[in-house]
*Asks:* 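After the structure tokens below, expect a handful of questions from me.
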Amino acid sequence: METIRLARVMRETAIKEKRNGKSIGFVPTMGALHEGHLSLLRTARAENDIVVASIFVNPTQFSPGEDFDRYPRSVGDDLEKLEGLADLVFLPEKETMYPPDFSTRVEIEGMSGAMCGPFRPGHFQGVATVVLKLFNIVQPSRAYFGQKDYQQAAIIKRMARDLDLPLEVIVCPTVRESGGLALSSRNAYLKPEERKAAAALYRALQAGAKALKEGQREAGLIGGIMRKALSEEPLVSQVQYISAYDAETLKELVIIEKNNVVLAGAVVVGTTRLIDNLLVNDLK
Ligand code: AMP
């Protein structure tokens, strides 16, 4: 496994591999790697000749006052975990990605404003900008994202389609703890009792999915069922949103008529913000 810090070197290496007919699978991450990340890497490994992982805590996707400074960083451990799963690890410095006169931003209109949008102003613009930049540097044939960050994956898919990016965006299933809590680097912030309480988000989504599958088609009532489930867990201190959305456009639904729905929510447990979602696409 080789570590590359310079964008120019990463890009030249990727171009050379592709000229030799090799496919490149790419997994962008912010590090603090867990099984969720590793599952993406395993899928990339199975489907490509070369696997590239990147580790970059992207400052432009954190709003002022968010956890950029205290976001968990563990590059040494991460590199150990990547051994055998990635061939190349791109580890750029902030100055490499954002020179002082950097002035371009990528905005995916509409989709950025849904779900997490109002609670994280500028977040998806930061994500789309860094991902497009990483795509141009790494030149992937296929790029892998987790369903856990559903809105992010949907936005990247739309960007790839709108801008004719020559790659495939692949969304992989959410990896969870046995109690249902979705793995996340931010789970490290949770105290033990909060970690237990955090599974309430998954339980709420499951309750919503059950009602939906049993025939409930009023999104407001499904939202009510999910909020009630959350209210039973006192350590959930805030529900930012929890509702039913069109899985492709991310528009919030009123009456569920299509068979492609994502139930998604964001809650605060203690001081930690958590997101999760369930895709329901097998309605009768
Ligand atoms: P992050 O390091 O949080 O930016 O995540 C990097 C990638 O890993 C993103 O595509 C995430 O959606 C994905 N990911 C994070 N947590 C999980 C999980 N529990 N299961 C599957 N993928 C995940």
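One-based numbering along the sequence shown. The analysis underlying the following values was restricted to heavy atoms, covering all of them including side chains, and did not include hydrogens, waters or symmetry mates. Read the numbers this way: they start at 1 and go in the same order the structure lists the ligands and their atoms.
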*Asks:* Can Arg42 be said to sit on top of Tyr144's aromatic six-ring, NZ or CZ under 6.0 Å from centre and within 45° of the ring axis?
*Replies:*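 No cation-pi geometry.
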*Asks:* Can you confirm, on distance only, whether ligand 1 has an N/O atom lying under 3.5 Å from any N/O atom belonging to Cys172?
*Replies:* no
*Asks:* Does NZ or CZ of Arg73 fall inside the cone over Phe68's six-membered ring, less than 6.0 Å from its centre and within 45° of the axis?
*Replies:* yes
*Asks:* So which protein heavy atom does atom 3 (O) of ligand 1 come closest to, and at what separation?
*Replies:*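 Among all protein heavy atoms, the one nearest atom 3 (O) of ligand 1 is Tyr71 OH, 3.9 Å.
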*Asks:* Before signing off on this row, confirm whether Leu183 and ligand 1 have an N or O atom pair separated by under 3.5 Å.
*Replies:*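 Yes - when backbone and side-chain N and O of Leu183 are compared with those of ligand 1, one distance drops under 3.5 Å.
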*Asks:* Decide yes or no for Asp87 and Met1: does some side-chain heavy atom of the first lie under 4.5 Å from some side-chain heavy atom of the second?
*Replies:* no
*Asks:* Quick one: which ligand 1 atoms are inside 4.0 Å of a heavy atom on Thr29?
*Replies:*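 Near Thr29, meaning under 4.0 Å from one of its heavy atoms, ligand 1 has 2 (O), 6 (C).
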*Asks:* Just distances here: any N/O of Gly146 and N/O of ligand 1 closer than 3.5 Å?
*Replies:* yes
*Asks:* Does ligand 1 have a heavy atom under 4.0 Å from the side chain of Gln152, from its backbone, from both, or from neither?
*Replies:* side chain
*Asks:* Using the six-membered ring wherever Trp is involved, compare the ring planes of His34 and His37 and label them parallel, tilted or perpendicular (cut-offs 30° and 60°).
*Replies:* tilted
*Asks:* Say whether Ala182, considering both its backbone and side-chain N or O atoms, lies within less than 3.5 Å of an N or O atom on ligand 1.
*Replies:*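 No; the residue has no nitrogen or oxygen that sits under 3.5 Å from a nitrogen or oxygen of the ligand.
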*Asks:* Let me know which of Asp78, Val57, Ile55 forms a side chain to side chain contact (heavy atoms under 4.5 Å, CB included) with Thr29.
*Replies:*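 When Asp78, Val57, Ile55 are each tested with Thr29, the side chain to side chain contact (heavy atoms under 4.5 Å, CB included) holds only for Ile55.
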*Asks:* Can you find an N or O of Ser39 that's nearer than 3.5 Å to an N or O of ligand 1?
*Replies:*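 No; every N/O pair is 3.5 Å or more apart.
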*Asks:* Transitively linked via ILVMFWY side-chain contacts under 4.5 Å: Val239 with Leu221?
*Replies:* no
*Asks:* Heavy-atom pairs closer than 4.0 Å: do any link ligand 1 to the side chain of Met30, the backbone, both, or neither?
*Replies:* both
*Asks:* Under 3.5 Å, N or O to N or O, is Asp149 touching ligand 1 that way?
*Replies:*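 Between Asp149 and ligand 1 (N or O atoms, distance only) the closest approach is under 3.5 Å.
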*Asks:* Set out, in order, the CA-CA distance, both residues' side-chain angles and the distance that settles side-chain hydrogen bond (donor to acceptor under 3.5 Å, both in side chains) for Glu248 and Asn260, then state yes or no.
*Replies:* CA-CA 8 Å; Glu248 204 178 316; Asn260 199 13; 4.8 Å; no
*Asks:* Mark the output for Ala153 as yes if a heavy-atom distance to ligand 1 is under 4.0 Å, and as no if none is.
*Replies:* no
*Asks:* Using 30° and 60° as the class limits, which term best fits the ring planes of Phe135 and Phe145: parallel, tilted or perpendicular?
*Replies:* perpendicular
*Asks:* Indicate, with yes or no, if Leu205 and Ile275 share a hydrophobic cluster defined by side-chain heavy-atom contacts under 4.5 Å among Ile, Leu, Val, Met, Phe, Trp and Tyr.
*Replies:* no
*Asks:* Which part of Leu40 is near ligand 1, with near meaning a heavy atom under 4.0 Å away: side chain, backbone, both or neither?
*Replies:*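 Within the 4.0 Å criterion, Leu40 contacts ligand 1 through side-chain atoms alone.
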*Asks:* Quick one: does ligand 1 sit under 4.0 Å from the side chain of Pro28, the backbone, both or neither, non-hydrogen atoms only?
*Replies:*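 For Pro28, the contact with ligand 1 is made by the backbone alone.
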*Asks:* Using a 4.0 Å heavy-atom threshold (strictly under), name the region of His34 that reaches ligand 1: side chain, backbone, both or neither.
*Replies:* side chain
